Amino acid sequence: MSINALAQQANIVEVETAPKVDPRTGESIPQKKWLHNYYIPGIWHARAGITETQNAIKMMRSQFSQAGTILIEDKANGSAIIEQLGKTIPGITAFNPSGDSKTSRAWSIQPVHDRGGLFLPAAAWAIAQIEALGKTEISLEEWWELYPPPHKDTAEHAPLADWAKGIVDEFTVFPNGANDDQVDSIDQGVIWCEMFPPPPPRGIKPSGIQLY
């Protein structure tokens, strides 16, 4: 069972396809839309029954009180948790994710990966080095080019918060790894946010590492 907190950072970009035409001049006007990046500030991951999962949801809600929506997969134990917590906690939202499998759901958000749109928090010791480069974010590959690690077999030497390293390792071997709950939890959150994007957020984005 994985419970993650997912925050969005909106970037406005120009889209070249299907431009509008200015009726006064006949000139094409590039259209703009919001593309969201996703920052994962925390996750809870454990084997758990209904009661422990409910307690974890309450804990995560307390830790990330600004979250307006709490997605719960409406299957198996999730249905009972939705019914019980929905009576007392605002924002509980039942969700039946698209796709017949975790693999198909992962493929459905591949465009987010392709644009480098998933971020994990940088380790405290790495933030100053990232900022010294004049950046607030950096990809793992770019970091490793600057600071070659002893190995890249796992995220052991990645400049990430310790809890985030397991997420990278799980994504790296998906769908052939022994564990995939964190991957699917994040995928489902991104799918929902892409379907129902909120207004562009305001505020400073914390230093982050691109997941890919």
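What's counted below: heavy atoms across the whole structure, side chains too, no hydrogens, waters or symmetry copies. All figures in this text were calculated on a predicted structure; none of them were measured in a lab.
By the 4.5 Å heavy-atom criterion applied to side chains, I70 and I89 are counted as neighbours. The shortest distance between side-chain heavy atoms of I167 and V183 does not fall below 4.5 Å. Q188 has its side chain out of reach of L71: every pair of non-hydrogen atoms, C-beta onward, lies at least 4.5 Å apart. Within the 4.5 Å cutoff, no side-chain heavy atoms of T136 are placed close to those of I130. With contacts defined as side-chain heavy-atom distances shorter than 4.5 Å, the pair Y38/L120 does not qualify. Considering only heavy atoms from C-beta on, I138 stays 4.5 Å or farther from P159 through its side chain.
Taking every heavy atom of both residues into account, W144 and H157 meet most closely at NE1-O, 3.9 Å. Contact record, W163 with I40: CH2-O, 3.3 Å, taken as the closest heavy-atom pair.
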Can you give the donor-acceptor pairs under 3.5 Å from side chains of residues 80-87 to other protein atoms, not counting sequence neighbours?
from: Q84; atom 1: OE1; to: Q54; atom 2: NE2; distance (Å): 2.7

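Taking E145 as the reference, nothing meets the salt bridge (charged side-chain N to carboxylate O under 4.0 Å, His left out) condition, with sequence neighbours excluded. Contacts of D114 classified as side-chain hydrogen bond (donor to acceptor under 3.5 Å, both in side chains), with partners at least two apart in sequence or in another chain: Q110. Applying the salt bridge (charged side-chain N to carboxylate O under 4.0 Å, His left out) test to K58 and every residue at least two apart in sequence or in another chain returns nothing. Every side-chain hydrogen bond (donor to acceptor under 3.5 Å, both in side chains) that S79 has, sequence neighbours left out, goes to D74.
For the residue pair E137 / Y39, no side-chain donor-acceptor distance below 3.5 Å is found, with atom types taken as modelled.
Sorted by first then second residue, the salt bridge (Lys or Arg N to Asp or Glu O under 4.0 Å) pairs that include residues 153-162, not counting sequence neighbours, are D162-K165.
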